[in-house]
Amino acid sequence: MQSDPLSMKKRPFFLRWAWREIRQGQLWLVTLALSLIIACVFALSALVSRVEGIIVSQGRSALAADMVLQSSQAVDLKQLSTNNVITSQQTRFGTMAFSDNGMQLVSVKAVDAKFPLRGDLRLQAADKSVQHHVKPGELWLSERLFSLLDVKVGDTLMLGDGELTISGRILEDPELSFNPFSQMPAVLINNQDIAAIGGIQEGSRLSYRYYFSGSDSVLADIRKQFSLTPSQRWLTENDAGRSGDFIERARQYLSLTLVLVVLMASATLVLTCQHYTSTRITSVAMMKSLGASRRFLWRWLLQQIAVVFSVAIGVGLLLGFWLEWLLRYPLQQLLPDELPSIGFAPLVISLLLALFISLPALGIPLSRLVNASAMNTVQATDTPTAKFSPVWLLLIFPVLAAVAWIGTNLFVWLTLLGMVALLVLLALVGIAAIALLKKIKFGSAYALALSRVNRSKAKTATQLAALTCSLMLLAVIGLLRNELLADWKNTLPADAPNVFAINIAPEQQQAYLAYLDENKLERSDGYPVTRGRLVAINEQRFYSTEDKSQSDALTETSSNSERDPALRRELNFTWAETLPSHNDVIAGKWGDSSGVSVESGIAKRLNIKLGDKLAFTVGGLEFNAIVNSIRDVEWRNMKPNFYFIFTPDVLQSFPATWLVSFRINDQQSDLLNTLAGNYPTVSVLDLRMMATRIQGLLTQVSWSLTVLAGLGVLSGLLLIMTLLRLSISERQTEIQLYRTLGASRKRIAATLWFEYGIIALLAGIIAAIGAEFVVGLLVVKGFELPFTLHPLMWISLPVLAIGLVYLVSRSQIKKLLLPLR
């Protein structure tokens, strides 16, 4: 039986050969590209897994359960199958609290002994011990009530119709709310004490919450069993408030950047694999001329690839662990001591993704290499390839990997498809621009460079498209980071308000604002506030389920009202001579009579347009107003904001209290106590701790995004450097032939500078146009932020492209200018 000319006993030699290929530069770029793919996917998948686990845990802790049913009516849980589920119940209502020295409207939360099912309820007793559950007969007060009512632990407090002894203070409540319009000082009692204080009477306004803790599948079954009424809704960790918008945007940026980084690393892998196979055609041809079979060649090549993969897995995972720690380091103060386990998913995902990407990236060029003719030992020939070669089916693997990995993330898919379409269009523009450059006369070297560019239009278009894509991806990553950070900085600046004063009586309003001004506190305008409901749009009324008998069928408007939570509760209305300066009018014009300005979000959800006639009720009285403007409202800026702002003639006849927000620093804390003493009926909501925490979170998340953007930029630079290096090296034989035929070094060098300088300049300009367009779409449509032009990028991107061409060309030009030997 005939064997291959090189015995398999030489396998250790082949392994040493493969290792030498990596060390001496033929395969190190392939190894580096694979390592980068593995490291990026592992690190970011691990980080996303940890962060999502933390978000779910903290979100459920904030709910005090895994899932909550909120209802305005009592619910009999016996109708639900609650096996393998822990349940708890809470009843909320408002009542008056009386002490010997004062009185205060409070929010009573009556809970059972199992509350909370998630999170940490910390109650400090008189002996400084900390309890975590409320027992019958106990009364726990929020810190603010001790000063408002001038009481201490152990005093007797009249709550409603009964008396209870103060057991201690609430140190931490997992359900703490930061809504300045609905916040009242809270007290905690046990459910068994509701009857003693007369909390539930005919006409009482009550709110019930039912808490569930169990596996996700069991909780999903409970939701299926229960049919919600318009006054009920489920709460989960996904029901985040507006303050969580920036976290969602950060996650979108992370996902998009991860995809772009892998895309650039994959492009680097494809280029390096093609370059490697082009340098090994002569070796394969020689081995074929000595009798090597295709089976032997595949075995030889696969052993080299196996070594490359082994090294890439080791380097990639080490780099991935370090990178994940680096991305997580800025957030360590915010993360829990025990981080969620990442499991094996990031490892499996990173290795499978690298494998699926490398299958066509390596398989297609290696197949062409194995099929190379033995005649290449004496003369370079093109390798014939079938039009429908089965090897092209390997492209299915990265497509399937992308579908499985990106999934239903429409944001990322639209971005990628838009970039592909834009890239094709801009490449055609670049080719047309090169044709126009022929009309410019700039010396013989310039003419020779343009001739060379136009002579190989396909290769020039490929180089231009690849370089443009690299620069554009690099710019998109950097600009998106800057846009997000700028938005967060503007949303919650360092001087943002951190205290709200609400329920200011009209006769107190002027004096209260004057006191703030005397102490030079930065404050908002004062706003009158009254509560009411939107009941109709253009005579189409909203009906609840109880009112359904009044109409044979619900109108489309009524179905909207059932879906929109803002219409299932009372809203806060205000009126003003002018609209707030921190609201942007996007449609219409503010008037002076019979008008209302509507927030853009609720206008879009309810299809409210300029000129629509809206009907409202306040205290049972109905009135109308015409929509004269639509406003964009930034709900996260901790300033007073409203869905509806009326002209004074519409609403000022209704009774109202006043609201103002202001900022104090740590040295001005005594002012709050003074205000509480001088105006005991005014509720002061101190949000300094929350504002400080959000500021810190923004700073630290910004650092993580900076690290991530830096990784993307490095990936882009690696792709660009690889592209230029391989492109210039392909010219080596041609340039050496020119040199041998007598062309001067100066002429050839000038031709090279012009050729690649033209491509770099066009790539930089086209990439700037493309990046501006892509970032504009992402910012406006994806992140819903205002867009501004980036003139500095229009200069820096072409300069960067020319600079990179200069660095790469300078490192190889001496070798290129040597004559053939």
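Quick caveat, the model's predicted, so the values are computed rather than measured.
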Item checked: Reported OG-to-CG distance for the pair Ser358 and Leu353, which is rounded to 0.5 angstrom -> 9.5 Å

Next item on the list: Report the residues that fulfil side-chain contact (heavy atoms from CB on, under 4.5 Å) with Val315, sequence neighbours left out, ordered by chain and then residue number.
Entry: Ser35, Val311

Item checked: Backbone of Pro136 reached by a side-chain donor or acceptor of Asp193 within 3.5 Å -> no

Notebook entry, point to check: What do the steps show when you test Gln90 against Phe115 for side-chain contact (heavy atoms from CB on, under 4.5 Å), and what is the final call?
Noted result: CA-CA 8 Å; Gln90 178 191 114; Phe115 177 86; 3.7 Å; yes

Margin query: If you compare all heavy atoms of Gly168 against all heavy atoms of Val153, which two are closest, and at what distance to 0.1 Å?
Written below: CA-CG2, 3.8 Å

Note to self: For the CD atom of Gln70 and the CZ atom of Arg209, what is their distance to the nearest 0.5 Å?
What the structure shows: 4.5 Å

Margin query: Quick check against the 3.5 Å criterion: does Lys114 have a side-chain atom that pairs as donor or acceptor with the backbone of Thr87?
Written below: yes

Item checked: Backbone of Val134 reached by a side-chain donor or acceptor of Asn190 within 3.5 Å -> yes

Item checked: Separation between CG of Leu34 and OG of Ser310, rounded to the nearest 0.5 Å -> 11.0 Å

Margin query: Nearest 0.5 Å, please: how far is CZ in Arg605 from CD in Glu599?
Written below: 6.5 Å

Note to self: Suppose we screen for side-chain contact (heavy atoms from CB on, under 4.5 Å). Which residues come up paired with Ala39, at least two apart in sequence or across chains?
What the structure shows: Leu319

Margin query: Given 3.5 Å as the limit, does a donor-acceptor pair link the side chain of Asn641 with the main chain of Lys639, or not?
Written below: yes

Note to self: Within 45 degrees of the ring normal and closer than 6.0 Å to the centroid, is that where the cationic atom of Arg92 sits relative to Tyr208?
What the structure shows: no

Next item on the list: Would you please test Leu188 and Ile170 for side-chain contact (heavy atoms from CB on, under 4.5 Å) and show each step?
Entry: CA-CA 8 Å; Leu188 285 174; Ile170 303 171; 3.8 Å; yes

Checklist line | Non-hydrogen atoms of Ala43 and Gly320 that approach each other most closely | finding: CB-O, 3.4 Å

Check: Quick check: does any side chain N or O of Ser167 sit under 3.5 Å from a backbone N or O of Leu139, one acting as donor and the other as acceptor?
Finding: yes

Next item on the list: Apply side-chain contact (heavy atoms from CB on, under 4.5 Å) to Leu171 and Leu123, showing your working.
Entry: CA-CA 6 Å; Leu171 295 180; Leu123 309 170; over 6 Å; no

Margin query: Using the side chain to side chain donor-acceptor pair (under 3.5 Å) criterion, which residues pair with His132? Sequence neighbours excluded.
Written below: Asp120

Margin query: Suppose we screen for side-chain contact (heavy atoms from CB on, under 4.5 Å). Which residues come up paired with Thr165, at least two apart in sequence or across chains?
Written below: Thr156

Check: Taking side chain as C-beta onward, heavy atoms only, is Ser107 less than 4.5 Å from Phe93?
Finding: no

Next item on the list: Compare every heavy atom of Gly214 with every heavy atom of Leu219, then report the nearest pair and how far apart it is.
Entry: CD1-O, 3.7 Å

Notebook entry, point to check: Do you know which two heavy atoms are closest between Gln89 and Asp112, and how far apart they sit?
Noted result: N-OD2, 3.0 Å

Next item on the list: With sequence neighbours left out, write down each residue that passes side chain to side chain donor-acceptor pair (under 3.5 Å) with Gln131, or none if nothing qualifies.
Entry: none

Notebook entry, point to check: Val41 and Ser350: which non-hydrogen atoms are nearest, and at how many Å?
Noted result: CG1-CA, 3.6 Å

Check: Using the benzene-type ring in the case of Trp, are the ring centres of Phe212 and Trp234 under 6.0 Å apart?
Finding: yes

Next item on the list: Could you check Val85, Leu117, Val111 and say which one makes a side chain to side chain contact (heavy atoms under 4.5 Å, CB included) with Tyr211?
Entry: Leu117

Checklist line | From CG (Leu355) to CZ (Phe309), nearest 0.5 Å | finding: 5.5 Å

Margin query: How close do Ile38 and Ala354 get, counting heavy atoms only, and between which atoms?
Written below: CG1-CB, 3.6 Å

Check: Taking atom OG1 of Thr95 and atom CG of Leu159, what is their separation to the nearest 0.5 Å?
Finding: 5.5 Å

Next item on the list: Take atom CZ of Phe397 as the centre, draw a 6.0 Å sphere, and report whether it contains more than 12 heavy atoms from other residues, nucleotides or ligands.
Entry: no

Checklist line | Worked check of side-chain contact (heavy atoms from CB on, under 4.5 Å) between Asp66 and Arg118 | finding: CA-CA 7 Å; Asp66 294 335; Arg118 281 267 202 163; 2.6 Å; yes

Check: If you measure only the distance, is there a donor-acceptor pair under 3.5 Å linking the side chains of Trp140 and Glu138?
Finding: yes

Checklist line | Thr91 (side chain) donor-acceptor with Ala110 (main chain) under 3.5 angstrom | finding: no

Notebook entry, point to check: Can you check whether Ile166 reaches Leu164 side chain to side chain, under 4.5 Å on heavy atoms?
Noted result: no

Check: Taking only residues two or more places apart in sequence or in another chain, which ones pass side chain to side chain donor-acceptor pair (under 3.5 Å) with Tyr210?
Finding: none

